[in-house]
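The chain is numbered in sequence order, starting from 1.
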Amino acid sequence: KNNKMRGTFSSKFSFGRIIIFGVLAILIFSCNPYPEQVPEYGWFEFVVKDLDTAETDINLSFLNQDMAGKNGFIKVQDGHFIDGTGENIRFFGTNFTFSSCFPDKEVAQKLAARLSKMGMNVVRFHHMDMRQSPSGIWDESMENFDADQVDKLDWLIYQLKLHGVYTNLNLHVSRTYPGLETEVSQFQFGKTIDHFYRPYIDMQKDYARDLLSHVNPYTGTNYLEEPAVAFIEINNENSLLSNWKQLALLEGDHRTSLLKQWNAWLSSNAEGEELPDLYSIIRGYEDDSTPQQKEFFWKFLVKTEMDYTSELIGYVRNELKAQSLIADSQGSYSGIAGVFREATYSDFMDMHAYWEHPSFPDASWSSTNWLIRNSSMVSDKKAGTLSSFGQHRVAGMPLTISEYDHPAPNFYCAEMYPMLNAVASFQDWDGIYHFTFNSPWDKGRISGFFSSAGHPLKQIFIPVGSVIFRMNAIKPGKHRVHLNLSKDKLFDELVESGHTLRLHGSNMNYIWEKAGAPRALTLLHPMEVNIQGNDVSLSEPIAEPDGAWISETGELQWNNMDSVESVFTINSEMVKAAVGYIGGKEISLGNVTVAMDSTPYNWGTIVLASLDGKPVEKSSKILLVAAGRVENANMGWDENYKTVGSEWGEAPTVAEGIPARISIEKTVPFKAFTLDPSGNISDEIRVIRSWRKRTIVIGAQHKTLWYLLKR
C-alpha cells in the first residue's frame, strides 16, 4: 500500500512539474530579446574593400610561413611539393597581370597583406611582358626593361615574401616579338612559331637571362637564387602540335624555316619514303593523307617541340642555374604529347580551365560583342571543367592549376571555390591560382570577366577555399585509378585523335573515354596517368554510377542527374556545404541541416567552414557563407541574360540574400553574428535552441553574405 501511495504521489508530482516548467518556458520565450525570425529574400548593397587589411576574425594569415622561402627552395618529393623543412605544402593564390604587376609601393604592401589575410600563399606574375610602362615591364623601345617598373616589381615581390606569399614568374606570355607580323590569331604573340623559329627562341633566352639574373635590391638576391620564387613558367599556353592546322597559313621566313626543318628531318628519318610537302599533308590531312604520312607528320612535330622544351628549360636550369621549379607550358597543350613533354622535362604539371569562358562571335576580345551561356557547373553531366585536370596528371608529378575562373557576369560564381577546391583536395592536387586579382581596386564594382577585385563572391569565398584546400578539410582519396600510356603508342594515338587538337583543346579526354573511364571518375577516385604502361588502358574497370556521384571517402556527392535539381555537397568534419539548386530543399550533411527557402532561381551556395581545424560541432570559430547572385547596380543585361555588352553598370555591387535555416545537432553552445563586407562582427543574431540542435535563421534581413559562429 505504501509503495502504491508513493507511486501515485510521484506521478502527480511529475505531472505538476511538467505544467510548471511549461508555463515558465512560455514566459521565458515570450520575453526573449530575439523574436522569432523568418528567412527573408531580397537584394541589398554589399561592397568588399579589395585592399582591406584590418584585423578581423576572418584572418587566415597563420597558414603562411612568416617569410616565404625562409627554409629554402620548394622541392618535389613523392609527387608533391615540400618546403625546406620537408613538410608538404599546397599553394592557393592568384594572378597579377599587366599593370597590376607594378603597383605603387603603398598599394603593394596592402596587396601582400590582403592575400595573406585571406589565406593565399602564391602569386603568378602574368602578361607583364606585353606592353611598355606603365602597363608592362618595357621602356619605350620595347627592347629594354623600364627601371622604375622593375623597381616596383622588386618591391612587390619583397612584400609578398615578407607575408609568406611565394612568387611564380612567367617568361613568355604575350610579348609580340620584334618583326612579328601575322593576321592569324592563333599565331598572336608568336605562339607556335617561337617553338621553331630561331630568332624568337634566342629572344626568349635573352628575356629569361635579363629578368632572372637581375638582383632585387630589397631581398639582396637575384631571381635565380631567390627561394621565395617557387616556380618559373617558360611559355604560357603555347604549343606546336595544338596549332597544327594553322601551320599551312605560315608566311615568309616562318614558313620557310619550318619547311627547311621538315626537309632536314625527312632526310634523316624517312630515307627512301615518298612523302609530300609538309603543308600538303596539313591541307589534305582529313581526306588525302595516309596513316603513314600522318605518323611522319606527328613524329616531326613532336621532335621539334621536344627539342624546343629541352633547350629552353635546359638553358634556365643548367646555364642560368635557376633553383626554382620549372614547367614549360600547360600539359593540355599538345594533348597526349604535352603530357609526355611535361613529364620528360618539367618539375610539375600545370593546367588551366575556365567555366563558361566568354565567346566572341566576331572580333576577338570585343568589349561589346560577347556572350556567355550563363549556366551552373553543378548541372553539367560531364563534370564541367574538373575532369580535364586529372586526365593530364602524371603519376609522381605535382599538379597545379595556375589559371581558373568562373568569369563574371555569370550568375553562378559562388559555386567556384567550394567545387574546385573540394575536388582538388580529394584528388590531392598541389596548387590552385584564381585568375586574376587586377586593378582597379576599391571601386566597389565588378570591372570585367575575371578579376576578383570588386567581385564580392570571388573575395568572400577565398577563406572557404583556403580552409578546404590548405587546411586539408577534405580527405584525399586513396584508391588511385591510372590511365596506362605507352610511349610506343604515342604516335598511334596522335594518328587516331591528333586531328582533335586545337590551341586550347586536348585529345586526352578521347583517350580516357576510349579506355573506358566514365566522367564520374573525377569524383569517384583520384586519377593520374602512368606513362610507363605497356598499352592504353585503365588500371581497372570503373562503372558509371546509376545515380549521384559519391567520392570513395563519402565526403563529396554530386547529383547532376536533373539539371534544374542538381546539387553538390561537402560533408566533412570541418566543412559542410550545399551548392546548386537547393532552394525548397532540406539537405542533411551529417549533424548539419541546410534548409533554403524557395527563390526565383532556387539556386545558392551555403558553406560552413571551421577556421580552427576542429570539427564543426566543436570549433571555436566557424565561417558561414551564403550567396547566390551578385551584380553591379544597373547592369545592362540582354533579354536572354547572355551578355551585358559594354553596359557593366556602376557601383555599388548588389547581392541576392539567401533565405535559409542552418541547424547543428549535438553541438557545444555558440553565438552567431553577422559580418560586414570587411569581415568585422556587426550584430548578434538569435540561436534557436531545441532538444538536440541549435538553429540560426539567415536571409536578406541581415544584409550580409557571411556570418560567424563563435564559442
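With hydrogens and angles disregarded, a donor-acceptor distance shorter than 3.5 Å links the side chain of Ser346 to the backbone of Asp328. A donor-acceptor pair under 3.5 Å is absent between the side-chain atoms of Ser376 and the main chain of Tyr412, judged by distance alone. In terms of modelled atom types and a separation under 3.5 Å, the side chain of Thr400 and the main chain of Asp430 share no donor-acceptor contact. Proximity of a side-chain donor or acceptor of Gln65 to a complementary backbone N or O of Gly164 within less than 3.5 Å is not detected. Not one N or O on the side chain of Asp350 forms a donor-acceptor pair closer than 3.5 Å with the backbone of Gln330. Here the side chain of Asp129 pairs a donor or acceptor atom with the backbone of Arg175 at under 3.5 angstrom. Using a distance-only test at 3.5 Å, with no hydrogens or angles considered, no donor-acceptor pair links the side chain of Asn216 to the main chain of Thr221. Counting only distance, with no hydrogens or angles, the side chain of Ser619 and the backbone of Lys614 share no donor-acceptor pair below 3.5 Å. Not one N or O on the side chain of Thr176 forms a donor-acceptor pair closer than 3.5 Å with the backbone of Phe189. Remark: side-chain polar atoms of Gln149 are paired, donor with acceptor, to backbone N or O of Pro134 under 3.5 angstrom.
Here the side chains of Leu60 and Phe62 are in contact, with some heavy-atom distance below 4.5 Å. When side chains are defined from C-beta on, Leu420 counts as touching Leu386, because their heavy atoms get closer than 4.5 Å. Contact annotation: the side chain of Thr219 never approaches that of Ile157 to less than 4.5 Å [non-hydrogen atoms, C-beta and beyond]. Taking the side chain as every heavy atom from C-beta outward, His434 and Asp405 approach each other to under 4.5 Å.
Nearest heavy-atom pair, Ile468 versus Pro418, reported as atom, atom and distance to 0.1 Å: CD1-CA, 4.1 Å. In plain terms, the two heavy atoms of Met419 and Val378 that are nearest each other are CE-CA, 4.0 Å. Taking each heavy atom of Thr56 and Gly679 in turn, the nearest pair found is CB-O, 3.5 Å. Of all the heavy atoms in Ser452 and Lys458, the pair that sits closest is CB-CB, 3.6 Å. Looking at every heavy atom in both residues, Val616 comes nearest to Val575 through CG2-N, 4.4 Å. The two residues Val165 and Val122 come nearest to each other via the heavy atoms CG1-N, 3.5 Å.
Crowding of Lys621 atom NZ: a count of heavy atoms from other residues, nucleotides or ligands under 6.0 Å exceeding 12. For NZ of Lys70, the number of neighbouring non-hydrogen atoms (other residues, nucleotides, ligands) closer than 6.0 Å is 12 at most. Within a 6.0 Å radius of NZ in Lys75, other residues, nucleotides and ligands contribute more than 12 heavy atoms. Other residues, nucleotides and ligands contribute over 12 non-hydrogen atoms within 6.0 Å of the CD atom of Gln109.
Looking at residues two or more places apart in sequence or on another chain, you find no side chain to side chain contact (heavy atoms under 4.5 Å, CB included) involving Gln188. Evaluation of the salt bridge (Lys or Arg N to Asp or Glu O under 4.0 Å) rule for Lys618 yields no partner, not counting sequence neighbours.
The structure places OH of Tyr707 at 11.5 Å from CG of Leu608, a figure rounded to the nearest 0.5 Å. Separation of atoms CD1 (Ile74) and NE2 (His80) is listed at 14.5 Å; rounding is to 0.5 Å. With values rounded to the nearest 0.5 angstrom, Ile232 atom CD1 is found 5.0 Å from Ile326 atom CD1. A distance of 12.5 Å separates NE2 of His357 from OG1 of Thr385, quoted to the nearest 0.5 Å. Distance check, rounded to the nearest 0.5 Å: OG1 of Thr167 to CZ of Phe125 gives 4.5 Å. We find the NZ-CD distance between Lys191 and Glu237 to be 5.5 Å, quoted to the nearest 0.5 Å.
The cationic atom of Arg629 (NZ for Lys, CZ for Arg) lies less than 6.0 Å from the six-membered ring centre of Phe411 and within 45° of the ring axis.
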- Can Asn121 and Arg470 be said to form a side chain to side chain contact (heavy atoms under 4.5 Å, CB included), step by step? CA-CA 10 Å; Asn121 66 337; Arg470 295 192 61 199; 3.4 Å; yes
- Check against side chain to side chain contact (heavy atoms under 4.5 Å, CB included), Asn168 and Val123: CA-CA 6 Å; Asn168 177 329; Val123 167; over 6 Å; no
- Would you check, one step at a time, whether the test salt bridge (charged side-chain N to carboxylate O under 4.0 Å, His left out) holds for Glu226 with Lys161? CA-CA 10 Å; Glu226 175 52 67; Lys161 177 177 180 174; 3.1 Å; yes
- Residue pair Leu320, Arg209: steps toward the side chain to side chain contact (heavy atoms under 4.5 Å, CB included) verdict: CA-CA 7 Å; Leu320 296 182; Arg209 182 195 62 241; 4.0 Å; yes
- Item | Arg90 and Ser425: CA distance, side-chain angles, deciding distance, side-chain hydrogen bond (donor to acceptor under 3.5 Å, both in side chains) verdict | CA-CA 10 Å; Arg90 283 179 174 172; Ser425 192; 3.1 Å; yes
- Query: Yes or no on salt bridge (charged side-chain N to carboxylate O under 4.0 Å, His left out) for Lys110 and Asp104, after CA distance, side-chain angles and deciding distance?
  - Reply: CA-CA 10 Å; Lys110 292 180 179 179; Asp104 293 337; over 6 Å; no
- Item | Chi angles and distances behind the ring-ring contact (aromatic ring centres under 6.0 Å, His included) call for Phe673, Trp706 | CA-CA 9 Å; Phe673 304 90; Trp706 54 358; over 10 Å; no
- Trace of the side chain to side chain contact (heavy atoms under 4.5 Å, CB included) decision for Leu705 with Phe44: CA-CA 10 Å; Leu705 300 179; Phe44 50 86; 3.9 Å; yes
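Under the 30°/60° scheme for interplanar angles, the aromatic rings of Trp365 and Phe449 are found to be tilted. Taking the six-membered ring where tryptophan is involved, the planes of Phe92 and Phe469 are perpendicular, since the angle between them exceeds 60° and thus also 30°. Ring planes of Phe96 and Phe437: tilted class, angle from 30 to 60°. Between Trp429 and Phe389, the angle of the ring planes goes over 60°, which puts this pair in the perpendicular group of the 30/60° scheme. Using bins of under 30°, 30° to 60° and over 60° for the plane-to-plane angle, the ring pair Tyr218/Trp155 lands in the perpendicular bin. Aromatic ring pairs are classed by plane angle as parallel below 30°, tilted from 30° to 60° and perpendicular above 60°; the pair Trp637 and Tyr641 is tilted.
Less than 6.0 angstrom separates the ring centroid of Phe81 from the ring centroid of Phe91.
Each of His126, His406, His352 was compared with Phe435 under the ring pair (Phe, Tyr, Trp, His ring centres under 6.0 Å) criterion, and only His126 meets it. Applying salt bridge (charged side-chain N to carboxylate O under 4.0 Å, His left out) to Asp57 and the options Lys710, Lys117, Lys671 leaves one that passes, Lys710.
Residues Glu233 and Arg124 are paired through a salt bridge, judged by an N-O separation under 4.0 Å between the basic side chain and the carboxylate. Under a 4.0 Å N-O distance rule, the pair Asp676/Lys49 does not qualify as a salt bridge.
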